[in-house]
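These notes concern the structure reproduced below.
Both counts, for ligands and for their atoms, begin at 1 and track the order of listing.
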Amino acid sequence: PHPDRNVVDYSLYLVTDNTPAILGHKNLVETVKQAVEGGVTIVQLRDKTSETKDLIKIANQLHEICLAHHVPLIINDRLDVALASEAEGVHLGQDDMDVSSARALFDAAGRKAIIGATVNTDAEAEKACKDGADYLGIGTVFATPTKENTKFIIGTAGLQHILQTVHQISPHMPTVCIGGINKANLQRVIYQSATPDGSKSIDGVAIVSAIMAAQDPKEATTNLLRLVKSPPPFVHSQLELSNLNRGSILAVVPTIIKRMAATKPLCHNMTNLVVQNIAANVAICIGASPIMSNNPAESADLASLGGSLVINMGTTTPEVRAAHIASVQAYNAVGGPVLLDPVGAGATASRREGVKALMAGGYFDVIKGNEGEIRTVAGDGEVKQRGVDSGASTLDLQGRVTLVSRIARRERNVILMTGETDVVSDGRRTVAIKNGHAWLGEITGSGCTLGTAIAAVLAIEREDKLLAAVAAILMFEIAAERAAARSEVRGPGTFVPVFLDELYAIREECVRQDHKWLEAVK
Ligand code: 3NM
Ligand code: MG
């Protein structure tokens with residue numbers, strides 16, 4: 001009774017590794033047995049070193065275990081070993097035999113086989129589909145010490161792109177992804193790699209070290225299987241969100257601010273050295289409860305208190321980056337909203353690296369930045385920035401809308417590009433806001449504190465993250481306009497305290513249900 005190759009469950013795909021760095025002192029066959037008992041749905045024997053005779057022996061042992069659990073066994077690269085052990089199929093890398101030749105050999109032997117292919121690019125995916133592969137392994141998602149000679153690190157964005165290509169050629173082609181997948185990123189990878197229109201998502205994740213290197217492979221597998229089967233905790237709404245227009249925004253924004261004032265949500269800021277004080281003051285004025293902690297050891301505890309997190313790259317170092325990644329993962333694990341402010345992202349090579357590492361390290365519900373920063377987030381070519389200030393804009397409004405909505409669809413989050421006109425999108429809905437005042441550009445940290453304000457609102461408005469961002473932007477920018485118009489404000493220095501007063505005043509007006517402040521919305 002071989003498992004039926006037409007109804008293969010690819011959801012948790014174990015790839016074996018017998019190297020001491022991964023397997024440690026454990027026994028390979030025993031480790032696979034535990035993983036199968038824990039619930040892996042398919043197993044690939046990947047062994048680059050054993051002699052053929054030993055390989056067949058191992059394959060036979062694994063096959064016995066797999067058959068007992070109706071789990072297919074796939075052999076990496078070696079058709080001869082697959083035939084000799086009567087395994088269900090082979091997996092072929094780009095340097096192995098091509099799919100059509102392998103199919104011909106199995107046919108000649110009178111054997112049906114599952115033939116999988118590794119693909120790293122759209123072109124490779126297209127070829128494997130046309131050559132008749134039964135499933136694709138798409139990678140390398142994240143850099144991994146498990147495989148040294150990886151060609152391309154494609155991230156979730158590259159994975160999504162290849163899935164789109166596969167969908168056009170072979171809509172029903174099963175796909176798994178591979179490379180650096182573990183319990184911290186698995187749900188996010190499945191979520192973020194799905195095509196924007198929901199037409200295709202990954203069928204499973206292929207894993208080596210997160211199971212093979214685990215002290216308790218069975219327990220590790222059980223945990224991973226649970227994660228594969230459930231959406232990430234930061235996805236709060238499965239429903240289509242309502243359309244936003246001027247009328248609906250004006251109707252609901254004051255109620256959101258009122259709700260924030262009543263709830264006083266915790267807003268955890270891991271922000272730069274420059275803006276600690278003003279960011280904390282802004283959070284208090286709008287009705288949130290700030291905590292300024294850069295200590296990653298506190299992040300899991302703080303995340304459990306139900307607030308939101310700001311990750312601000314303003315004064316970053318490699319240590320700060322590691323702290324940021326650990327913290328975004330702690331919030332992702334419980335679904336706490338996280339905002340990324342990639343300050344000065346395009347200014348230096350180190351910062352460009354930092355943005356990539358952060359985006360590979362966790363899910364950000366909102367990413368906000370000026371044009372240069374968002375273009376760096378987009379990763380489209382080199383963006384050179386001068387310092388961390390906004391610099392000159394080069395895209396027209398339509399160009400900004402196109403870029404922002406495209407990145408929001410790609411990342412499956414909310415993207416805000418600030419500027420004279422702010423453009424904010426969740427990929428489906430895009431809002432342009434023309435409020436604000438030039439003096440916000442003459443003081444330090446106005447962009448950073450807008451990030452704090454958005455995160456604070458996100459803590460209490462989790463269903464509609466775009467609406468949360470819009471509420472915070474309007475409150476923030478209209479407060480700036482009102483401050484600048486006050487007679488006692490003569491320049492940036494007098495502007496700052498009056499700006500705080502106006503943030504507080506708008507909050508109080510919302511509590512009193514006095515909505516006249518919204519007449520300023522542009
Ligand atoms: N193939 P881990 S990456 C076997 O990109 C393999 O084709 C890859 O190991 C590819 O789950 C990889 O420990 C190793 O990161 C994946
Ligand atoms: Mg290979």
Side-chain angles (χ1 to χ4, degrees), residues 10-24 26 28 31-32 35 38 40-50 55 62 73-78 89-99 115-125 127-128 133 135-163 166 174-190 193 202-215 217 220-221 223-225 227-228 325 329 357 360-361:
Y10 289 97
S11 51
L12 188 55
Y13 186 139
L14 172 67
V15 180
T16 69
D17 194 307
N18 58 341
T19 57
I22 288 183
L23 195 56
K26 302 194 298 295
L28 178 87
T31 301
V32 173
V40 294
T41 59
I42 176 167
V43 173
Q44 178 191 134
L45 171 58
R46 182 173 182 270
D47 179 334
K48 302 290 189 190
T49 53
S50 296
L55 261 178
L62 296 188
L73 177 68
I74 306 292
I75 310 294
N76 184 282
D77 187 7
R78 298 284 299 268
V90 284
H91 185 89
L92 304 169
Q94 287 295 320
D95 300 325
D96 302 335
M97 186 183 293
D98 64 276
V99 171
I115 303 182
T118 294
V119 300
N120 304 296
T121 64
D122 289 306
E124 289 172 2
K127 182 168 187 331
Y135 75 90
L136 306 182
I138 308 175
T140 304
V141 183
F142 301 121
T144 172
T146 306
K147 184 170 172 163
E148 276 163 4
N149 58 340
T150 50
K151 289 179 202 148
F152 301 106
I153 305 301
I154 62 173
T156 53
L159 179 55
Q160 187 190 65
H161 198 270
I162 293 177
L163 281 178
V166 172
T175 54
V176 298
C177 64
I178 186 160
I181 309 295
N182 57 44
K183 65 176 194 281
N185 58 30
L186 183 157
Q187 290 177 303
R188 171 170 73 83
V189 167
I190 295 173
S193 61
I202 208 90
D203 295 283
V205 291
I207 285 178
V208 182
S209 54
I211 293 174
M212 297 303 294
Q215 279 205 359
T221 303
N223 284 333
L224 291 164
L225 193 65
L227 295 170
V228 168
I325 291 173
Q329 290 179 355

request  = Using non-hydrogen atoms of the residue, decide whether A210 is closer than 4.0 angstrom to ligand 1.
outcome  = no

key: Numbered atoms and elements of ligand 1 in range of K147, under 4.0 angstrom, heavy atoms   = 1 (N), 3 (S), 6 (C), 7 (O), 8 (C), 12 (C), 14 (C)

task = Would you mind running through ligand 1 and noting each atom that sits below 4.0 Å from a heavy atom of T146?
result = 2 (P), 9 (O), 13 (O), 14 (C), 15 (O)

ask   = Nearest protein heavy atom to atom 11 (O) of ligand 1, by residue and atom, and its distance?
value = V208 N, 2.9 Å

inquiry  = Are T16 and V43 packed together at the side-chain level, in the sense that at least one heavy-atom pair is separated by less than 4.5 angstrom?
reply    = yes

query = Quick one: which of H91, E124, Q94 gives a side chain to side chain donor-acceptor pair (under 3.5 Å) with T118?
reply = H91

query = Has ligand 1 got any nitrogen or oxygen that is less than 3.5 angstrom from a nitrogen or oxygen of T150?
reply = no

Rounded distance (nearest 0.5 Å) linking atom CG of N182 with atom CG of N223 = 12.0 Å

query = What part of M212, side chain from CB on, backbone N/CA/C/O, both or neither, has a heavy atom under 4.0 Å from ligand 1?
reply = neither

query = Is any N or O atom of T144, backbone or side chain, closer than 3.5 Å to an N or O atom of ligand 1?
reply = yes

remark   = Checking L45, L55, D47 against R78 for side chain to side chain contact (heavy atoms under 4.5 Å, CB included), the one that qualifies is L55

query = At a 4.0 Å threshold, what atoms of ligand 1 neighbour a non-hydrogen atom of S209?
reply = 2 (P), 11 (O), 13 (O)

task = Test I207 against every option in V15, T146, I178, L186 by the side chain to side chain contact (heavy atoms under 4.5 Å, CB included) rule and name the one that passes.
result = L186

task = May I ask you to check whether R46 has an N/O atom sitting below 3.5 Å from an N/O atom of ligand 1?
result = no

query = Any sub-3.5 Å donor-acceptor pair from K26's side-chain atoms to M212's backbone N or O?
reply = yes

query = T140 to ligand 1: N or O pair under 3.5 Å?
reply = yes

remark   = For T118, the atoms of ligand 1 under 4.0 Å from one of its heavy atoms are 7 (O)

message = For ligand 1, which is the ligand I care about here, please tell me if G180 has any N or O atom under 3.5 Å from one of the ligand's N or O atoms.
response = yes

task = Kindly say whether V176 contributes a backbone atom to a donor-acceptor pair with the side chain of D203 at under 3.5 angstrom?
result = no

task = Specify whether Y135 and Y13 have parallel, tilted or perpendicular ring planes, treating 30° as the upper limit for parallel and 60° as the lower limit for perpendicular.
result = tilted

